[in-house]
Amino acid sequence: MRIWRVDEPFLKDLLRTGLDKLVRICDSLRVEVNLDVLIVECETLNEFHQLTGRAYVIGAVYSKGIIVSQPFEVLRSKGVLEDVLLHELLHHIVSLNFDLPNWMQEGLILYLTGTQPEKLSGRHKEYLLSFMREVRYEEIPTFLDRHRRRSDAEFR
């Protein structure tokens, strides 16, 4: 396995377009961009499965400041490397700033990244469609404010 920080030149170059999108999404959410996360790139699909317990249709998994990813070359060959890493970085940012149930966090991230329901299957499709039923576009700012974590600065 290889451990990366997002600020390393290789990853910054790899994620150039994704980081621009991430900044725009963070601006719309009214949160700071926080890239203080480690990315563990597994050497093999088997290692990914052993570390995460997830099937190979899942490209990466986020938990508590760490993203565990399939080998970058595998994700690159599928044409999803940047999208998968952006998605997991958004899990990091949303987790830091909002208290949302897992299904709603997943639905929100899929919505914010412009994922189309017809391109999804299983639980991801269900989460996106459920989010879209629960929260209308114009209600998103109010919805997020209700679930926003309070910062220490707000209590001073």
Side-chain angles (χ1 to χ4, degrees), residues 1-52 54-100 102-125 127-129 131-132 135 137 140-141 143-145 147-149 151 153:
M1 80 179 67
R2 175 129 192 225
I3 299 176
W4 300 93
R5 296 195 68 77
V6 178
D7 61 355
E8 292 183 49
F10 168 76
L11 272 182
K12 280 182 121 173
D13 187 52
L14 175 77
L15 293 170
R16 187 177 319 114
T17 307
L19 290 176
D20 290 344
K21 188 173 186 176
L22 183 73
V23 168
R24 287 192 305 276
I25 291 171
C26 286
D27 285 347
S28 74
L29 298 175
R30 295 182 295 126
V31 299
E32 290 185 29
V33 176
N34 181 316
L35 301 177
D36 187 21
V37 62
L38 294 176
I39 299 175
V40 176
E41 177 191 6
C42 294
E43 290 183 31
T44 65
L45 290 174
N46 187 43
E47 181 181 44
F48 174 78
H49 178 69
Q50 287 176 340
L51 287 175
T52 66
R54 301 295 175 96
Y56 303 133
V57 295
I58 303 295
V61 176
Y62 170 80
S63 180
K64 299 176 184 170
I66 298 172
I67 296 169
V68 178
S69 168
Q70 288 185 9
F72 288 175
E73 196 49 47
V74 170
L75 296 174
R76 186 179 286 120
S77 71
K78 295 177 184 177
V80 297
L81 176 58
E82 190 173 28
D83 291 339
V84 165
L85 293 179
L86 171 65
H87 181 97
E88 299 308 325
L89 287 168
L90 281 168
H91 273 293
H92 174 66
I93 290 168
V94 170
S95 294
L96 291 175
N97 292 284
F98 302 97
D99 286 314
L100 295 172
N102 290 341
W103 74 266
M104 192 166 279
Q105 183 181 117
E106 190 68 39
L108 171 67
I109 290 168
L110 292 166
Y111 183 81
L112 292 172
T113 55
T115 305
Q116 300 300 311
E118 57 274 6
K119 294 190 176 189
L120 297 170
S121 62
R123 288 186 303 189
H124 285 93
K125 183 174 187 171
Y127 295 157
L128 176 57
L129 292 173
F131 179 81
M132 293 168 70
V135 185
Y137 173 77
I140 291 175
F143 166 79
L144 289 175
D145 282 343
H147 295 279
R148 192 174 300 275
R149 290 181 189 263
S151 70

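As a basis for the values below, the full set of heavy atoms in this structure was taken, side chains included, without hydrogen atoms, waters or symmetry mates.
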According to side-chain hydrogen bond (donor to acceptor under 3.5 Å, both in side chains), who are the partners of [X], at least two apart in sequence or on a separate chain?
X	answer
Tyr127	none
Glu118	none
Thr113	Thr115

Which donor-acceptor pairs under 3.5 Å do the side chains of residues 2-10 make with protein atoms, sequence neighbours left out?
residue : atom : partner : partner atom : Å
Trp4    : NE1  : Glu41   : OE1          : 3.0
Arg5    : NH2  : Asp36   : OD1          : 2.9
Glu8    : OE2  : Arg5    : N            : 2.7

(message) Checking Asp27 now: which residues fulfil salt bridge (charged side-chain N to carboxylate O under 4.0 Å, His left out) with it, not counting sequence neighbours?
(response) none
(message) Once salt bridge (charged side-chain N to carboxylate O under 4.0 Å, His left out) is applied, do any residues pair with Arg54, and if so which ones, sequence neighbours excluded?
(response) none
Is a side-chain donor or acceptor of [X] paired with a backbone partner of [Y] at a separation under 3.5 angstrom?
X	Y	result
Gln70	Ile58	yes
Tyr62	Gly65	yes
Gln105	Val94	no

(message) So, taking the atom named NE2 in His92 and the one named CG in Leu96, what distance separates them when rounded to the nearest 0.5 Å?
(response) 4.5 Å
(request) Could you tell me the separation between the CG atom of Leu35 and the SG atom of Cys26, rounded to the nearest 0.5 Å? (result) 8.0 Å
(request) Please report the closest heavy-atom contact between Leu29 and Phe98, naming both atoms and the distance. (result) O-CZ, 4.0 Å
